[in-house]
Engineer: 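What follows is a single structure, and I will ask about it in a moment.
In this text the structure is predicted, and so the values were computed from the model without any measurement. For reference, positions follow the sequence shown, starting with 1.
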Amino acid sequence: MTAMRLGPLLRYVDWNTGDSATIWIEADRPCTAEVRCADGAGGSVRTFQVAGHHYALVPVTGLTPDSTTAYEVLLDGVHVWPLRDTPFPPSTITTPPAAKAHHSNHSPTRDANPTHSPTLRLTFGSCRQAAPPADGRGPHGPDALDTLASQLAVEPEAVRPDVLLLLGDQVYADHLSRATRAWLSARRDLREAPGAQVADFEEYTRLYDESWLDPEIRWLLSTVPSLHIFDDHDVIDDWNTSATWLAEMRATPWWQERVLSGLMSYWVYQHLGNLSPAELAADALYGAVRETPDGTDALRAFAASAEADPATVRWSYRRDFGRSRLLMVDTRAARVLDEDGRAMLDPAEQQWLRDNALAGHGGYDHLLIGSSLPWLMPPLVHDAEVWNAALCRGERGPKWARIGEDLRRRSDLEHWAAFPASFAALSDLIEEVGTGPRAPATVCVLSGDVHHAYVAEPRIPSTARVFQLTCSPVHNSIHTAVKWGFRLGWSRWGRWLGRGFSRHGRTGRPPLSWRRTGGPWFGNQLMTLALSGRSARLRLDQARKGPRLVTVLDRDLTPPGTGSGEPTA
């Protein structure tokens with residue numbers, strides 16, 4: 001009998017019509033995957049095959065706007081989900097109400113009473129190592145996503161997120177659990193490179209099994225839509241940090257298989273679900289993989305092309321939620337690494353970001369830029385990264401260039417500040433979008449990576465309120481010395497030290513200044529951004545022993561004079 005190996009994951013829910021969704025599953029053999037909803041909606045599709053694994057992204061149509069309906073999954077007509085005797089509530093699909101679904105077609109005229117616009121709740125974070133259980137006994141303490149799932153499961157009437165934004169490091173290919181290391185040791189000799197790290201596609205599937213078969217996470221992802229983007233640990237620490245790093249990796253005998261497997265598995269497990277049904281229908285690779293008995297070769301050729309020439313592939317994507325726009329930006333694979341032309345985004349990717357930020361300018365109330373790496377960092381860290389980039393570029397000679405490359409890798413100096421031209425371009429774009437009578441109420445850069453949370457605001461003459469909202473980790477930890485380093489980075493002493501780096505590197509002052517207006521907070525945590533009309537509210541919840549979520553921040557982000565009716569985060 002056919003069994004479901006992994007899933008279901010509720011991925012896309014249509015916010016334009018409110019009547020369709022997609023659900024991702026992995027089966028243990030070829031089959032027809034079907035989703036049946038309690039309200040009569042549903043859909044079915046034949047699985048496709050990659051490297052001996054069988055997947056389906058089931059389109060669900062006929063949903064009723066402004067409804068919540070339970071669903072079941074059948075494989076070749078046999079019920080496989082919900083599991084028998086499950087302690088969790090039914091998995092459901094929630095569609096936006098009609099006003100929410102059609103709000104994107106409204107005139108850009110500003111609504112002074114935001115209570116007329118239903119609230120969109122986006123919960124986001126990054127850096128989740130697969131747990132031992134979320135009871136606090138593991139090395140990183142309780143898992144924030146596990147804890148959220150547990151609370152929602154026992155409180156069926158609790159307000160759930162409308163979408164989860166998972167901002168990188170969904171799996172750790174280079175930091176494995178004891179159980180996965182033991183599984184690898186039974187498969188190959190770990191004394192040979194890459195050692196106790198994943199080496200191929202099959203080993204990547206083990207990481208997703210370990211992460212997504214966690215019962216709480218499995219239920220949560222089956223009932224709350226999720227959007228994903230990768231960061232370095234989805235492939236390897238410091239992925240694409242510099243041209244020298246990449247050349248050294250490509251010279252190793254194991255790197256090619258590792259990076260191709262990382263991109264192939266990301267495409268199957270994460271990227272496909274980010275796309276709308278219309279985008280999937282237009283995707284030549286998705287069509288090719290589905291039309292052939294075995295899509296491995298087609299997907300492998302795509303991954304090889306993406307690794308050899310990143311500009312040929314776009315991992316970034318756009319989602320509009322009524323009058324809120326999300327631009328999820330690839331800050332890893334889209335880099336230009338040549339020291340004389342370093343950029344976080346290649347020219348085509350930079351133009352994509354600009355075009356989508358300005359398209360329909362005035363027709364949305366909130367612009368969200370999802371970037372796994374923060375735009376605004378502690379000032380000392382920012383100045384150190386700009387200084388390091390200058391050294392590596394050769395501003396202080398060959399000796400300092402070698403020192404700079406070593407420091408870049410040892411200290412993870414690779415955020416937006418490490419690409420000064422890209423930092424300036426993003427800053428200019430945000431100011432341009434956020435200024436004038438057609439500006440949105442807020443522009444928020446949503447990030448993770450740095451294993452702590454904070455709120456920062458730039459000092460720019462914008463009409464919109466602009467925020468850097470950083471939330472990390474979901475389940476990981478940070479050394480005490482690094483905590484103190486980040487605290488120092490925000491302090492007056494840190495700013496003074498940063499000026500010393502700037503003088504030595506001859507880099508000058510940053511193109512804008514900013515201040516921290518919340519944090520830093522350390523621990524396993526999630527941020528929730530609630531958007532309603534022109535109003536915005538931010539909440540930060542931390543996982544504590546119990547396990548339980550404790551709210552440590554609940555703050556209004558609404559621009560002055562917008563009006564009443566603040567959403568509840």
Engineer: Can you tell me how far apart CD (Q351) and CG (N356) are? Round to the nearest 0.5 Å.
Structural biologist: 10.0 Å

Engineer: If only atom types and distance count, is the side chain of S211 paired as donor or acceptor with the main-chain N or O of L207 below 3.5 Å?
Structural biologist: no

Engineer: Decide whether T331 and S372 meet the rule of one side-chain donor and one side-chain acceptor closer than 3.5 Å.
Structural biologist: yes

Engineer: One pair to check against side-chain hydrogen bond (donor to acceptor under 3.5 Å, both in side chains): Q468 and S447. What are the steps and the verdict?
Structural biologist: CA-CA 8 Å; Q468 169 69 66; S447 304; 3.1 Å; yes

Engineer: With no hydrogens and no angle check, do the side chains of R160 and T94 hold a donor and an acceptor under 3.5 Å apart?
Structural biologist: no

Engineer: Less than 6.0 angstrom separating the ring centers of F48 and W24, yes or no?
Structural biologist: no

Engineer: Taking all heavy atoms of G434 and all of P440, pick out the closest pair and write down the distance.
Structural biologist: CA-CD, 4.4 Å

Engineer: Verify side-chain hydrogen bond (donor to acceptor under 3.5 Å, both in side chains) between T61 and S20, making sure each step is shown before the conclusion.
Structural biologist: CA-CA 5 Å; T61 59; S20 63; over 6 Å; no

Engineer: Apply side-chain contact (heavy atoms from CB on, under 4.5 Å) to H452 and S472, showing your working.
Structural biologist: CA-CA 5 Å; H452 71 293; S472 170; over 6 Å; no

Engineer: With heavy-atom distances below 4.5 Å as the criterion, would you say the side chains of W219 and P89 are in contact?
Structural biologist: yes

Engineer: Hey, are the side chains of L280 and L272 touching, using non-hydrogen atoms and a 4.5 Å cut-off?
Structural biologist: yes

Engineer: Could you tell me which non-hydrogen atom of Y364 sits nearest to which non-hydrogen atom of A359, and how far apart they are?
Structural biologist: CE2-O, 4.0 Å

Engineer: Once rounded to the nearest 0.5 Å, what's the spacing between atom CG of L10 and atom OG1 of T92?
Structural biologist: 8.0 Å

Engineer: Would you sort out whether Y12 and R319 count as a side-chain contact (heavy atoms from CB on, under 4.5 Å), showing the intermediate values?
Structural biologist: CA-CA 10 Å; Y12 179 89; R319 287 290 307 276; 3.4 Å; yes

Engineer: Assess whether side-chain contact (heavy atoms from CB on, under 4.5 Å) is satisfied between L337 and N240, documenting all intermediate values.
Structural biologist: CA-CA 7 Å; L337 298 179; N240 284 343; 4.1 Å; yes

Engineer: Looking only at heavy atoms, what is the nearest atom pair of T470 and G448, with distance?
Structural biologist: CG2-O, 3.8 Å

Engineer: Does this structure show an ion pair linking R537 with D554, if we count only N-O contacts that are shorter than 4.0 Å?
Structural biologist: yes

Engineer: Using modelled atom types and a 3.5 Å cut-off, is there a donor and acceptor pairing between side-chain atoms of N274 and backbone atoms of L227?
Structural biologist: no

Engineer: I'd like to check L446 versus M527 (side-chain heavy atoms, cut-off strictly below 4.5 Å). Are they in contact?
Structural biologist: no

Engineer: Nearest heavy-atom pair of G533 and H366: which atoms, and what distance?
Structural biologist: O-NE2, 2.8 Å

Engineer: Less than 4.0 Å between a side-chain N and a carboxylate O, is that true for D320 and R318?
Structural biologist: yes

Engineer: Do L353 and S316 come close enough that some side-chain heavy atom pair is under 4.5 Å?
Structural biologist: no

Engineer: Do any N or O atoms from the side chain of N524 and from the backbone of P142 form a donor-acceptor pair under 3.5 angstrom?
Structural biologist: yes

Engineer: Can you check whether L531 reaches D365 side chain to side chain, under 4.5 Å on heavy atoms?
Structural biologist: no

Engineer: Counting only N and O atoms by type, is there a donor-acceptor contact under 3.5 Å from the side chain of W514 to the main-chain atoms of I460?
Structural biologist: no

Engineer: P461 and T435: which non-hydrogen atoms are nearest, and at how many Å?
Structural biologist: O-OG1, 3.7 Å

Engineer: Please identify each residue that fulfils side chain to side chain donor-acceptor pair (under 3.5 Å) with Q542, with sequence neighbours left out.
Structural biologist: Q525, R544

Engineer: Identify the heavy atoms of T47 and A56 that sit nearest to each other, and give their distance.
Structural biologist: CG2-CB, 4.0 Å

Engineer: Would you mind checking if E457 and R555 are paired as a salt bridge, meaning a charged N to carboxylate O distance below 4.0 Å?
Structural biologist: yes

Engineer: With respect to R128, which candidate in D169, D214, D234, D231 satisfies the salt bridge (charged side-chain N to carboxylate O under 4.0 Å, His left out) definition?
Structural biologist: D214

Engineer: Given side chains that start at C-beta, do those of T64 and T95 come closer than 4.5 Å, heavy atoms only?
Structural biologist: no

Engineer: For Y208 and Y269, take the angle between the two ring planes, folded into 0 to 90°, and tell me which bin it lands in: parallel under 30, tilted 30 to 60, perpendicular over 60.
Structural biologist: parallel

Engineer: Going by an N to O cut-off under 4.0 Å, is there a salt bridge joining E414 and R332?
Structural biologist: yes

Engineer: Evaluate side-chain hydrogen bond (donor to acceptor under 3.5 Å, both in side chains) for Q170 paired with H228, printing each intermediate quantity in order.
Structural biologist: CA-CA 8 Å; Q170 275 69 258; H228 306 192; 4.7 Å; no

Engineer: Does the separation of the ring centres of W416 and F423 fall below 6.0 angstrom?
Structural biologist: no

Engineer: Between H361 and V433 (side chain of the first, backbone of the second, donor and acceptor by atom type, cut-off under 3.5 Å), is there such a pair?
Structural biologist: yes

Engineer: Going by atom types only, do W81 and S91 share a side-chain donor-acceptor pair under 3.5 Å?
Structural biologist: yes

Engineer: Does R11 reach the main-chain N or O of S226 with its side chain, forming a donor-acceptor pair under 3.5 Å?
Structural biologist: yes

Engineer: So, taking the atom named OH in Y286 and the one named CG in L299, what distance separates them when rounded to the nearest 0.5 Å?
Structural biologist: 12.5 Å

Engineer: Are any side-chain N or O atoms of T223 and backbone N or O atoms of L220, one a donor and one an acceptor, separated by less than 3.5 Å?
Structural biologist: no

Engineer: Under a 3.5 Å distance rule, please check whether E279 uses its side chain to pair with a backbone N or O of S276 as donor and acceptor.
Structural biologist: yes

Engineer: V35 versus I25: any side-chain heavy-atom pair under 4.5 Å?
Structural biologist: no

Engineer: CG of L285 to NE2 of H271: how many Å apart, nearest 0.5 Å?
Structural biologist: 9.0 Å

Engineer: So, does H382 use its side chain to make a donor-acceptor pair with the main chain of A418 at under 3.5 Å?
Structural biologist: no

Engineer: Over 60° means perpendicular and under 30° means parallel, so classify the ring planes of F230 and Y266, tilted if in between.
Structural biologist: tilted

Engineer: Does the side-chain contact (heavy atoms from CB on, under 4.5 Å) test come out yes or no for V58 and E34, once each step is laid out?
Structural biologist: CA-CA 7 Å; V58 184; E34 182 182 4; over 6 Å; no

Engineer: If you count every heavy atom of other residues, nucleotides or ligands that lies below 6.0 Å from R516 atom CZ, does the total exceed 12?
Structural biologist: yes

Engineer: Is any side-chain heavy atom of L429 less than 4.5 Å from a side-chain heavy atom of I369?
Structural biologist: no

Engineer: CD1/I229 to OG/S126 distance, rounded to the nearest 0.5 angstrom?
Structural biologist: 12.5 Å

Engineer: How many angstroms lie between CD in E26 and CH2 in W212, if you round to the nearest 0.5 Å?
Structural biologist: 10.0 Å

Engineer: Apply the side chain to side chain contact (heavy atoms under 4.5 Å, CB included) test between L538 and each candidate in V455, T528, D556; give the one that qualifies.
Structural biologist: V455

Engineer: Is the side chain of T558 donor-acceptor paired with the backbone N or O of A536 at a distance under 3.5 Å, no angle test?
Structural biologist: yes

